[in-house]
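Reading through the structure tokens given below for one structure.
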Amino acid sequence: MDADLILDNLVALPAMAGGAPPRMIAIKGNRIVYAGSRDALADLAALGTRVVDCGGGLAVPGFNDAHCHPIAHAATLRHVDCSPASVTDIASLQAALRRSTAHPWVRAAGCDAAALAEGRLPTRQELDEAVPDRPVVLVAQSGQSCVLNSMALARCGLAGAGIAEGVLVGNDSRLAAALPPMTADEIEAGLRQVNRLYLENGITSLQDTSWSNGHRHWMAARHFKDHGLLAPRISMLVGADSLDEFAGLGLRTGMGDDHLRLGAMKIALDESTGNCHPAQEEIDEIALRGHLAGFQLSFHVPDVTMLQRSLNALALIRRLSPTPCIRPRLEHCSICPPHLLPAIAEAGAIAVLQPNLLAAATAPGCLSHLDEERLRWIGPIRSMLAAGIPVAFGSDAPLTPCPPLPAMAVAVTRRVKGRACLSASESISLEAALDCYGRAGAFCSGREQDVGVIAPGMLADLAVLDRDLLALPPDQIAEAKVVMTVLDGEVVWEG
């Protein structure tokens with residue numbers, strides 16, 4: 001068989017259980033046709049075959065970001081960058097806002113209060129000093145709050161509403177109504193920018209976990225795919241508020257194609273209603289309806305209370321439904337006491353964690369009062385895997401950067417803000433971290449028969465790194481670079 005593309009002279013993970021690590025991978029069309037020794041090169045290479053010498057780099061399955069927000073990420077890239085990499089204090093933030101030529105609103109994002117010299121978000125008055133003649137909205141890095149200047153407060157009908165500092169917490173419908181939509185050109189530019197970012201980091205699959213996704217978002221995603229604006233495969237979760245809309249159209253989890261498919265139904269009543277701990281009955285009711293409508297279930301579990309209520313809902317479904325709940329997802333699950341691990345395993349649930357978010361949200365000072373036992377509750381990845389719980393990794397981008405290698409470094413080293421603060425007993429191996437970004441991500445989106453491992457017959461979604469990660473000290477993992485990304489058998493990125 002003549003291959004279209006051969007990746008030669010590489011290091012790779014085992015092609016399959018018990019197999020020898022392949023030194024060469026051959027691709028025909030959009031499938032892997034060979035993964036093994038270099039002895040087969042002469043048999044697979046033809047006149048038109050492209051042969052790439054990978055120089056001993058590591059080939060891995062294309063990374064699968066199991067929890068992200070690609071459209072919000074694209075929009076954020078068009079905002080004024082106020083991330084720690086760009087601003088260090090309120091004066092430099094003000095300068096960045098002044099440079100913006102945006103009209104009619106100035107939108108800024110990525111501000112980390114803890115990273116500013118003042119240790120706080122800017123006030124309404126400080127935004128007014130920077131931009132007095134246009135409305136300004138500055139979104140905090142967490143995505144859970146924003147600061148508005150005086151003109152923005154007035155546009156939202158909030159002037160004189162007692163919001164002295166201009167800070168809004170949570171989702172506010174008045175701000176959403178006042179913000180003008182991004183233009184088609186802005187959206188396209190943001191999507192092209194974020195698409196390049198994904199591909200240059202070896203990300204070939206995305207799982208859009210936005211709780212607000214409705215049918216119009218599904219149709220927009222189809223448009224973006226058809227026009228080549230987002231190359232990675234997309235599994236789009238459906239917001240629980242849109243269950244009736246999708247069910248009425250006969251749509252459910254798994255529908256779509258290889259490049260765009262419907263994923264789970266996202267239950268995030270705490271975010272959609274503003275009640276951080278919605279009643280058990282509310283969660284039970286929507287979870288059962290979603291399950292009976294043919295949806296995989298995804299629960300937003302930012303704390304132990306929401307984790308327990310989600311597990312209660314899954315137990316109810318097991319009692320009442322004639323069909324099992326397939327692969328329920330627990331999004332975040334970043335705080336998990338050991339006594340709940342058996343219940344998670346019994347539910348057949350998947351923990352979808354974000355190591356970068358874990359690191360960003362747990363500064364050393366926040367952990368100093370915790371003993372070793374309580375530290376083990378934070379991101380207990382090793383314990384989850386030992387209990388038979390699949391763990392998939394995501395970024396939650398744009399809340400944290402999307403590159404997978406720094407996230408895997410956090411999972412392996414347990415380093416937070418530059419020092420090892422989290423329980424070292426919950427560290428995992430690099431091989432396990434790669435699996436969480438590959439095979440496990442494919443499993444939680446129902447794609448494990450096609451992607452997530454390097455083996456003949458699998459779709460040719462691959463990332464080639466510039467060095468063998470397995471030979472690096474853990475603290476150097478994040479320094480590796482993706483030098484090639486292959487998606488559907490095509491080289492879509494070369495660095």
Side-chain angles (χ1 to χ4, degrees), residues 62-76 143 187-188 190-191 194-195 197-199 203-268 271-272 286-287 290-291 293-300 326-332 350 352 354 392-399 402 440-448 450-452 459 461 487-488:
F63 297 121
N64 192 324
D65 191 328
H67 184 115
C68 62
H69 309 277
I71 308 307
H73 196 175
T76 299
I187 293 171
E188 179 172 334
L191 287 169
V194 79
N195 183 64
L197 186 61
Y198 293 140
L199 297 181
I203 299 170
T204 56
S205 293
L206 305 167
Q207 297 178 42
D208 181 348
T209 56
S210 304
W211 62 263
S212 57
N213 281 339
H215 188 258
R216 68 182 181 88
H217 297 92
W218 172 247
M219 298 304 294
R222 181 75 274 167
H223 173 81
F224 299 150
K225 293 295 294 184
D226 290 346
H227 287 77
L229 297 176
L230 273 177
R233 304 181 195 278
I234 299 174
S235 176
M236 196 189 87
L237 276 65
V238 172
D241 290 347
S242 298
L243 171 61
D244 291 340
E245 180 183 28
F246 279 90
L249 293 168
L251 299 173
R252 61 185 182 276
T253 295
M255 290 189 167
D257 56 36
D258 280 348
H259 286 273
L260 176 65
R261 71 190 298 277
L262 279 177
M265 182 187 77
K266 177 78 173 288
I267 302 171
E271 293 188 312
S272 61
I286 190 64
H291 169 68
F295 279 93
Q296 178 189 14
L297 300 180
S298 163
F299 296 86
H300 183 245
I326 304 299
R327 302 181 190 182
R329 300 167 52 122
L330 301 174
E331 311 294 334
H332 305 305
I350 304 160
V352 185
Q354 300 78 43
F393 283 168
S395 66
D396 211 6
L399 297 188
C402 69
F443 178 80
C444 75
S445 62
R447 298 302 310 276
E448 73 276 9
D450 290 314
V451 295
L459 287 169
D461 292 359
L487 173 60
D488 220 28

Original post:
Are H67 and F393 near enough that their ring centres are under 6.0 Å apart?
Top reply: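 Between F393 and H67, which both carry aromatic rings, the centre distance is not below 6.0 Å.
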Less than 4.5 Å apart, any side-chain heavy atom of [X] and any of [Y]?
X	Y	value
R447	L459	yes
I71	F224	yes
L197	C402	yes
C68	S395	yes
M265	Q296	no
Q354	L399	no

What's the separation between atom [atom1] in [X] and atom [atom2] in [Y], rounded to the nearest 0.5 Å?
X	Y	atom1	atom2	answer
I326	I350	CD1	CD1	10.0 Å
D461	I203	CG	CD1	12.5 Å
I267	S298	CD1	OG	7.5 Å
L206	L260	CG	CG	11.0 Å

Donor-acceptor contact below 3.5 Å, side chain [X] vs main chain [Y]:
X	Y	value
K225	L230	yes
N195	A231	yes
K266	T209	yes
N213	L237	yes
S210	S212	no

Original post:
For the side-chain hydrogen bond (donor to acceptor under 3.5 Å, both in side chains) test, which of R233, E331, R329 pairs with Q207?
Top reply: R329
Subject >> side-chain contact (heavy atoms from CB on, under 4.5 Å) evaluation trace for V352 with L330 >> reply: CA-CA 6 Å; V352 185; L330 301 174; over 6 Å; no
Quick check: closest heavy atoms across [X] and [Y], and the distance to 0.1 Å?
X	Y	value
G256	W218	CA-CH2, 4.4 Å
W211	S272	CZ3-CB, 3.4 Å
G263	F295	O-CD2, 3.9 Å
R252	A293	CB-O, 3.8 Å
R327	G446	NH1-CA, 3.6 Å
A442	N64	N-ND2, 3.5 Å

Subject >> R222 CZ: over 12 foreign heavy atoms closer than 6.0 Å >> reply: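 Atom CZ in R222 is crowded, with more than 12 foreign heavy atoms closer than 6.0 Å.
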**OP:** On the 0 to 90° scale, with breaks at 30° and 60°, tag the H223-H227 ring pair as parallel, tilted or perpendicular.
**Re:** tilted
Distance-only check: which donor-acceptor pairs under 3.5 Å involve side-chain atoms of residues 240-247, not counting sequence neighbours?
| from | atom 1 | to | atom 2 | distance (Å) |
| --- | --- | --- | --- | --- |
| D244 | OD1 | R289 | NH1 | 2.9 |
| E245 | OE1 | H215 | N | 3.3 |

Original post:
Does one side chain, of H259 or D488, offer a donor that lies under 3.5 Å from an acceptor on the other?
Top reply: yes
Original post:
Taking it one step at a time, do F63 and T204 satisfy side-chain contact (heavy atoms from CB on, under 4.5 Å)?
Top reply: CA-CA 6 Å; F63 297 121; T204 56; 6.0 Å; no
Subject >> Test log, rule side-chain contact (heavy atoms from CB on, under 4.5 Å), inputs M255 and R261 >> reply: CA-CA 5 Å; M255 290 189 167; R261 71 190 298 277; over 6 Å; no
